[in-house]
Amino acid sequence: MKKQKMNMYDYIIIGGGVTGITLCKKLREKGIDNILVLEKSDEPGGLCRTKEIDGHILDIGGGHFFHTKHQEIFDYVFKYLPENEFNYYKRVSKIEMGETTIDYPIESNVWQLPMEEQIEYLISIIRNGQSLNRKEPENYEEWVRWKLGDKICDAYMIPYNTKLWGVEPKEMDIDWLYKIPNVDVREVLKYSLERKQDVNKFPAHIHFYYPKKEGFGQIVKALVKDELSFIKCGCEVTKLRYKEGNWIVNDVYAAKRIINTTPWNDLYRALGCPAEIASAIQKIKYNRIVVSLFEKDYDVDWHWKYIPDPSKAHHREFYIHNYAEDSKKNGIYLETGIKRFKEKKMPVGSKASIVDFYTDAAYPIPVTGHAQAIREILDYYRPMGLYGVGRWGQHEYQNADVSMHEAIKFVDSLP
């Protein structure tokens, strides 16, 4: 039998999402053109793809909105999709607390709850462990209770995060919680007395950009346009071996350097299940979500709403037309964890969903020990020229802007 000729590349990138696309663009800007991007789906974009369905704009990987703290990411994106192709919104996000819907975040808006509930929440916040100088706990559930008090923990944070992540919060680490600001008890009381919050102390982006047409996926289309000839879609990596200084992929492609942007636990079998990282791989977990499109009339200006109620399957609702102006006015989509979707699918109103999109992987789950585990994996493979970049390669809860930034940092660090 004639031996198949091996195709040799300088870099092979596994995964054609925003991280893989950005890596490809930046490597080419560096003068490296012998690149291959392998994407198992039939189109690039990963979680950031958008579909037009019956006049509705649906971001099939869940809620995506563009903002960043890195000016170079604004410059990067606007270079390919100009800023005037975006709308700019002041964020309107809500939390459904029983019969009352309040503004996010909850600790700044307890004054929007009925009076008796306000009193319970305020007493609980005043008694939180951090304000009483108690020792900081080491798992997520105890940490939230210490940070925000029992009432917010039990009524919102624990049920919502259990729905979102699909694991018990006590199984989760606290090293990813730097995004949550300190709760100043005096400020919470001040907000309640004045019946308003200081939006400048919002714990996340106050404003965001969203493309005027074709959803968040329009960003991907703009970024990937010049890279399509370097991307091979419909090609899952099923075999990845290191031999004589080269990486051999599926017995067809070879490269001295591989950049992985996909979940490491999915790649483990392709790598031959090496015993050296077996225990670390056990700590690399992710969840899956289902994005379901419904039609429902609404007369609110909200962009999305958090749903902590355990009796409802989904954890977030998105009011599409309020940010995607080219979408039909009655479109709403729900995010639901895959397990809850299968066990307790609950339609909005009386009609079933128009379509349901299943993600391959949605969020890296920060289980206890995950940070050390990903360090072990990256340290093990780096000397062999196999790297991990982005949400999945670094196993961090990164939004698209951060994954782009990490890709640029990686390429800039190359000699």
Check: P137 and I174 side chains under 4.5 Å, non-hydrogen atoms: no

Could you work out, with side-chain contact (heavy atoms from CB on, under 4.5 Å) as the rule, every residue matching V167, not counting sequence neighbours? W165, E171, M172, I365

Run the salt-bridge test on K409 and E406 with the 4.0 Å N-O cut-off and return the result as yes or no. yes

Counting the benzene-type ring for Trp, do F65 and Y323 have ring centres under 6.0 Å apart? yes

Sorted by chain and residue number, the side-chain contact (heavy atoms from CB on, under 4.5 Å) partners of F78 (sequence neighbours excluded) come out as F66, F74, E83, F86, Y209

List the residues meeting salt bridge (Lys or Arg N to Asp or Glu O under 4.0 Å) with K51, not counting sequence neighbours, and say none if there are none. E43

Looking only at the side chains, is there a donor atom on one of Y210 and D59 sitting less than 3.5 Å from an acceptor on the other? yes

Evaluate the side-chain hydrogen bond (donor to acceptor under 3.5 Å, both in side chains) criterion for residues H370 and D175: first the C-alpha distance (whole Å), next the side-chain angles of each, then the deciding distance (0.1 Å), finally the verdict. CA-CA 9 Å; H370 74 107; D175 58 357; 2.9 Å; yes

Decide, yes or no, whether a salt bridge links D103 with K94 under the criterion of side-chain N to carboxylate O below 4.0 Å. yes

Once you measure the plane-to-plane angle for Y306 and Y104, does it fall in the parallel (<30°), tilted (30-60°) or perpendicular (>60°) bin? tilted

Tell me, please, which residues at least two apart from E138 pass side-chain contact (heavy atoms from CB on, under 4.5 Å). none

Any chance you could measure Q282, atom CD, to I277, atom CD1, to the nearest 0.5 Å? 10.5 Å

Can you list the residues that meet the ring-ring contact (aromatic ring centres under 6.0 Å, His included) rule with H321, with sequence neighbours excluded? none

Flag the pair S192 / Y121 as yes when at least one side-chain heavy-atom distance between them is below 4.5 Å, and no otherwise. no

With rounding to the nearest 0.5 angstrom, report the CD1 to CG distance, I377 to L267. 10.0 Å

Would you please name every residue forming a ring-ring contact (aromatic ring centres under 6.0 Å, His included) with Y286, sequence neighbours left out? W392

Between E236 and T238, is there a side-chain donor-acceptor contact under 3.5 Å, judged purely by atom types and distance? no

My understanding is that only residues two or more places apart in sequence, or in another chain, count here; which of them pass ring-ring contact (aromatic ring centres under 6.0 Å, His included) with Y9? none

Taking all atoms of both residues into account, what is the closest heavy-atom pair of F216 and A400, and its distance? CZ-CB, 4.1 Å

Just to verify, what does N330 make a side-chain contact (heavy atoms from CB on, under 4.5 Å) with, not counting sequence neighbours? H56, E295, D297, K328

Are any of the side-chain nitrogens in K213 or E85 under 4.0 Å away from the carboxylate oxygens of its partner? no

Are a donor atom and an acceptor atom from the side chains of D356 and S292 found within less than 3.5 Å of each other? yes

Taking N128's backbone N and O only, do any of them form a donor-acceptor pair with S131's side chain (distance below 3.5 Å, no angle check)? yes

Verify ring-ring contact (aromatic ring centres under 6.0 Å, His included) between H303 and Y319, making sure each step is shown before the conclusion. CA-CA 5 Å; H303 297 123; Y319 302 85; 9.3 Å; no

Using only atom types and a distance under 3.5 Å, with no angle test, would you say the side chain of N7 pairs donor to acceptor with the backbone of A254? no

Under a 3.5 Å cutoff, is there a donor and acceptor pairing between the side chains of E136 and W143? yes

Backbone N/O of E142 and side chain of N139: donor-acceptor pair under 3.5 Å: yes

The reported gap from OH in Y380 to CG in L386 (rounded to nearest 0.5 angstrom) is 10.5 Å

Quick check for you: to the nearest 0.5 Å, what is the distance between R288 atom CZ and K339 atom NZ? 14.5 Å

Determine yes or no for a side-chain-to-main-chain donor-acceptor pair under 3.5 angstrom, with K190 supplying the side chain and K196 the backbone. no

Could you tell me if R257 sits above the aromatic ring of Y11, with its cationic atom closer than 6.0 Å to the ring centre and no more than 45 degrees from the axis? yes

Between the main-chain N or O of V252 and the side-chain N or O of N250, is there a donor-acceptor pair closer than 3.5 Å? no

Would Y381 and Y387 count as a ring-ring contact (aromatic ring centres under 6.0 Å, His included) here? Give the steps. CA-CA 7 Å; Y381 281 116; Y387 311 95; over 10 Å; no

Between H67 and F208 (judged by ring centroids, cut-off 6.0 Å), do the two rings come close enough to count as a pair? no

Just how far is it from atom CZ of F318 to atom CD1 of I57, taken to the nearest 0.5 Å? 15.5 Å

D251 and side-chain contact (heavy atoms from CB on, under 4.5 Å): which single residue from R241, M6, K239 fits? K239

Between K212 and E325 (salt bridge meaning N to carboxylate O under 4.0 Å), is one present in this structure? no

With distance as the sole test, does W146 use its side chain to make a donor-acceptor pair with the main-chain N or O of R134 at under 3.5 Å? yes

Any non-hydrogen side-chain atom of L47 less than 4.5 Å from a side-chain atom of H64? yes

Pairing of D10 and K256 as salt bridge, 4.0 angstrom limit: no

Distance-only polar pair, side chains of T22 and Y76, donor-acceptor under 3.5 Å: yes

Strictly under 6.0 Å, is that where the ring centroids of Y88 and H207 end up? yes

Is any side-chain N of the basic residue among E96 and K305 closer than 4.0 Å to the acidic one's carboxylate O? yes

Main-chain N/O of N109 paired with R195 side-chain donor or acceptor, under 3.5 Å: no

Give a yes or no answer on whether the side chain of S403 reaches the backbone of G390 with a donor-acceptor pair at less than 3.5 Å. no

Without swapping roles, check the side chain of R28 against the backbone of D33 for a donor-acceptor pair under 3.5 Å. no

Got a sec, which residues hit salt bridge (Lys or Arg N to Asp or Glu O under 4.0 Å) with D154, two or more places apart in sequence or on another chain? R145

When every non-hydrogen atom of I60 is compared with those of V291, the smallest separation belongs to O-CG2, 3.4 Å

Going by salt bridge (Lys or Arg N to Asp or Glu O under 4.0 Å), name the residues that satisfy it together with E29, two or more places apart in sequence or in a different chain. K26

If you measure from CD on E107 to CD on Q197, what distance do you get to the nearest 0.5 Å? 9.0 Å

Ring pair (Phe, Tyr, Trp, His ring centres under 6.0 Å) pairs, two or more places apart, involving residues 22-49: none

Once salt bridge (Lys or Arg N to Asp or Glu O under 4.0 Å) is applied, do any residues pair with D360, and if so which ones, sequence neighbours excluded? K40

Given 3.5 Å as the limit, does a donor-acceptor pair link the side chain of K25 with the main chain of L223, or not? yes

Would you tell me whether H314 and E335 have side-chain atoms, one donor and one acceptor, within less than 3.5 Å of each other? no

Electrostatic pair E141-K170, nearest N-O below 4.0 angstrom: no

Measure from NZ or CZ of K221 to the centre of the six-membered ring of Y80 and say whether it is under 6.0 Å with the direction within 45° of the ring axis. no

I want to check something: taking the side chain as every heavy atom from C-beta on, are I289 and T336 in contact at a cut-off of under 4.5 Å? no

